Structure formats: structure tokens, C-alpha cells
Number of protein chains: 2
Amino acid sequence: MRRACSECGVRDQALCASLTDDQLAVLSRAGRRRYVAKGESVIWAGDENMICANVVAGVFKLSTSTADGREQIVGLLYPADFLGRPYAPSSNYTVDALTDAELCVFPRKHFEQALHDYEELERLLLQRTLDELDNTREWMLLLGRKTAEEKVASFIVQMSRRLAKGRCGASTGEEFLLPLSRTQVADVLGLTIETVSRQMTRLKSAGVIDLPTTRSIRVLDRPALSARAEHA
Amino acid sequence: MRRACSECGVRDQALCASLTDDQLAVLSRAGRRRYVAKGESVIWAGDENMICANVVAGVFKLSTSTADGREQIVGLLYPADFLGRPYAPSSNYTVDALTDAELCVFPRKHFEQALHDYEELERLLLQRTLDELDNTREWMLLLGRKTAEEKVASFIVQMSRRLAKGRCGASTGEEFLLPLSRTQVADVLGLTIETVSRQMTRLKSAGVIDLPTTRSIRVLDRPALSARAEHA
DNA sequence: CGGATGATTGATATATCTCAAGAGTAGTGG
DNA sequence: CCACTACTCTTGAGATATATCAATCATCCG
């Protein structure tokens, strides 16, 4: 039994927000829900590029790697984000689920047709792609020019913005669960796992953050954390 | 006196390629030619975002920097490339001319109106933005995971693809003029000027490239250069 | 409880940066 | 045309941040 789009948790945040209920009804006939287990790959770099999707739940990583296996994570996707690459025959990066996740999947060709038919959809995708390009370029500054401490602090700032519970409440004392292992954090920041670990404990020793478990982070002093993200 | 679009050198390569002569005639009434001297800034990071433009001639750099002045070049623009950021009130990066250059400039609001009016224009911009995002993510792998030698070799490979004269001819023996100083190359690669210089002379000593002048590069052994770009 | 996986910590190595000097190159004006 | 000056680039020596290698320590799960 098909679940109605009107009940979808990301109906108003995903690209679908640009469509009327009637338009969405048409498009949704081409789509289907797909549950993805933590660690599962959805798209492989170099493979034929078959699907586009909206993230309904969970977190995904986009990554590329060198021939000898060094990996770089080039993006993270959260609920309501768009996943896929319209207008290209093959994908440049691999997409894996970091948590159990749920997608609303469309065949790429159908999705491209929808972009053609609904100009508001295409406009919203353009705007999001431009935003994503800005974010990605900002991340280049981090990769090319920031120190290990700045990288780790920047990463925690950014993750806490996305994941902290009481985002509207106090700006401090927030705790959140990291969807990434230390190795994956290292692959986001262009560092080794050991360096990430050392910088984390340094921040903890300085009283800037707390690490209740290995996968959770509590920001104790946000101004201090932001300062360390900017300036060595 | 206004120059006709039909005589424009990038009429069929720039975004304008998606427009008919009639459509372009309408749009071009809002645009104007602007000559930019080497070193001049066209857009400043953080400033109000007023313009969009097509690059007609010359090369531009996009860059961001940290508060204490470390700079990272996040993109290069060549003739027929699009310059600007539709749908955002301010710019995230500074755009400077690396050579004397020429732009076809539109007020941002006019350009956004054109995107709205001509769906082929919007589609082409979307496709280019998606391509640019792919390229930028590929560059993240270089910044985060490649060694200095791999970075410099990758840079030369990429520049030679863009700039070498006889691109259709032999794949070797090409010579081209770098539009960037050593400092700027360092800012592209996330290295220091000294490291760039040392890697360049290493490649020269190994017979992979020649450096006839400080601003020109000749690729002597492209397979060897590509190998060094991939693998330390 | 035991084994596996992932994280931390320590000791050492090394690639790249930093600091400093010298060598090209280009532009200027006599 | 030739100094003279100002850059930019190259080269060298030494410092340092981060990587590498190795061991211990948590955490998870059967």
C-alpha cells in the first residue's frame, strides 16, 4: 500500500514543497519508498546513474576516493535534502547511509521529466544547488587552509547546528548524537583518525565540549568553540 | 555604441546559447560590456550581490579567506563561464580578474527575471551549476587527501587541458601560459609558495615538464604527469 | 565472559611550513 | 642602453604540525 505524500514528514521541506498536491500526485506515481540500512550504498561512483530521491529520514554521506583508497567525504545529506544527479549518465561519488534511513526514490528520467514539466521544481532545485555549491566552496577553505584544531571545532559547530535538539533554545549545553565514526569524521576533515581523536580530547580538556559517549558531543562553551573554529 | 550579440565571441558557448536571437535581443538591452583590468575585483565577499555576468575574455578567480588572511581560491572562470550568484542577497566570495578581461554584465534582478522568462536558460544554468558542483567536490579530494606532488601535478594537468593551444593535436609537448602567480597557485592547492616552487622544479628535473619562463609550462611527458597526479 | 571493533594515547617519523638568503625578471628613468 | 629598484621566484636550513606505527583502553554483542 502506497503512503500518501500528504502524510510525508518532509512534504513541505523537500523539493516537493514547490509542487501542488495535484502535481505531486502525478509525480508520486513514478516514485516509491525505500528503506536503507545503515552502511548500505545507494549510489556507486562511476556506476550508471539511475535514481534521484528525496531523503525522508536518516543521514547519508557522499564520498570520493583515490585509486589507492584514500577517501574524502564531500557532503552529508539530511532529511528533506535531495539525492542524485540529474542530467548526468553516471555518478561521480558514492552515496552511503550513515544511519538507517528512508528515501523517496524516482527513476532519474522521470525526475528529469518532472523538472521539465514543473518550472517551480526546477527553480527550487537550482536554488538549492547554488546553496550547496556555496557550502562546498566554504568547506574548501577548511580543507585547504585550516589547522586540525580549527577543522575539528568547525565540524562540531556545523554538526551541532544541524543536529542539536533545542535549536531554538539556549545556544549552549546542547547535546547531539554523531552519525559518523571517528574514521568518517577524519574523512570529512582531511585528517587521520588519531588527529581527530586528539583534538577532541583537547577540546574536552579545555572545557569547551563534553564527550558523554564516544558518539555524542555536548557543547559546553559555544563562543569558545566558535573562536577555535576561526582562529588557531 | 553597443556591440551586437551576434558578433560576440562566446555567443554559442555561454548561457546565451540557450536563447534565440530575439530573446537575446531583449535580454541584451539590460546588459553592458565591461572591461576589467588584471588584478581588479568585480565582486567582494560579503558585499551586496548586484551583478551577474558572462565571461567574454580573460580569466577570473573566486576566493574566500579566513579572518587572519589565509586565502583559498575556490574556483577559476574562463571565457563563456557564468559569473555571479542569482537568488542570494550577498556574495560569499571575492571575484578578481587574473588577466585583463571582458565581461557581459547584467543587473542581478534582470538576470533573475530572464531565468524566470526563459526556461531553457534556467535549465542550462542548472546543468552548469551541477557540473560545477561535481568539479568542486572532486577538488575537495585533492585538498583533503592528496600530497603536494599530486596536487601540483593535478593542477598542471587541469590547466593544460583548459589552456593548451593544440588541444586537438598531440597530447604532449603542449605549452601554455599560466594566468596565476606562484602565490595564487599555492592558494588554489592549499600549499605554500615554497612547496609549489619545489614541486615544480622536481617535476622539471624529472623531465616531466619544462618551465621555459616562470609563467609558462610545457608538458613533456603527459602519462608520467598524470601518474604523479594520481599516486604519490 | 570473551572476542571483535572502534577509540584513545604514546613515541617517532616525515611532509610541509617557516624563516632567511640569493637569483631571476621586469619595469623605470637617467 | 644601461643601471637601479622592486618584485617574484627559487633554494636552503631548520622547526613543527600532522601522519604513522604501536599499544592500551573502551564499548558493544553474542
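Bear in mind the structure is a predicted one, so any value in this text is a computation, not a measurement. Throughout, a chain's letter reflects where its sequence line sits, starting with A, and its residues are numbered from 1.
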Going 5' to 3' along DNA chain C, between which two nucleotides do contacts with chain A fall, using a heavy-atom cut-off of 4.0 Å? C:dA7 to C:dA11
Given side-chain contact (heavy atoms from CB on, under 4.5 Å), test A:Arg85 with B:Leu130 step by step and report yes or no. CA-CA 8 Å; A:Arg85 175 58 163 91; B:Leu130 288 165; 3.5 Å; yes
Just do the salt bridge (Lys or Arg N to Asp or Glu O under 4.0 Å) check on B:Arg145 and A:Glu71 with the steps written out, would you? CA-CA 7 Å; B:Arg145 292 303 187 196; A:Glu71 181 170 331; over 6 Å; no
Side-chain N or O of A:Thr213 versus OP1/OP2 of D:dT27: is the shortest distance under 4.0 Å? no
Whole-Å gap separating P (D:dC28) and NZ (A:Lys38): 11 Å
What integer distance in Å separates B:Arg145:CZ from D:dT20:C1'? 13 Å
Nearest of D:dT20, D:dT10, D:dA13 to any side-chain atom of B:Arg182? D:dT10
Lys/Arg-Asp/Glu bridge criterion (N-O < 4.0 Å) met for B:Arg70, B:Asp187: no
Rounded to whole Å, please give me the gap between CG in B:Leu180 and P in D:dT8. 14 Å
Over how many whole Å does the gap from B:Arg202 atom CZ to D:dT10 atom C1' extend? 15 Å
Of B:Leu211 and A:Gln199, whose closest DNA chain D nucleotide lies nearer the 5' terminus? B:Leu211
Is the NZ or CZ atom of A:Arg128 positioned over A:Phe82's six-membered ring, under 6.0 angstrom from the centre and within 45° of the axis? no
When pairs are called at under 3.5 Å and a stem needs at least three consecutive Watson-Crick or G-U pairs, the stems of DNA chain C are C:1-16 with D:15-30, C:18-21 with D:10-13, C:23-30 with D:1-8
Length of the CZ-C1' vector between B:Arg215 and D:dT8, whole Å: 9 Å
On DNA chain D, check which nucleotide each of B:Glu194 and A:Lys146 is closest to and give me the residue with the more 5' one. B:Glu194
Please say whether more than 12 non-hydrogen atoms of neighbouring residues, nucleotides or ligands are located less than 6.0 Å from CD in B:Glu138. no
CZ of A:Arg198 versus P of D:dT24: gap in Å, rounded? 16 Å
What's the CG-P distance between B:Asp187 and D:dT8, to the nearest Å? 13 Å
Salt bridge between B:Arg33 and B:Glu102, side-chain N to carboxylate O under 4.0 Å? yes
Can you check side-chain hydrogen bond (donor to acceptor under 3.5 Å, both in side chains) on B:Tyr78 and B:Arg162, steps first, answer last? CA-CA 9 Å; B:Tyr78 301 88; B:Arg162 269 284 190 175; 5.0 Å; no
Applying salt bridge (Lys or Arg N to Asp or Glu O under 4.0 Å), run through A:Arg161 and A:Glu174 and close with a yes or a no. CA-CA 10 Å; A:Arg161 284 217 193 94; A:Glu174 302 154 353; over 6 Å; no
Between B:Leu133 and A:Glu132, is any pair of side-chain heavy atoms under 4.5 Å apart? yes
Under 4.0 Å between a side-chain N/O of A:Thr214 and OP1 or OP2 of D:dT27, yes or no? no
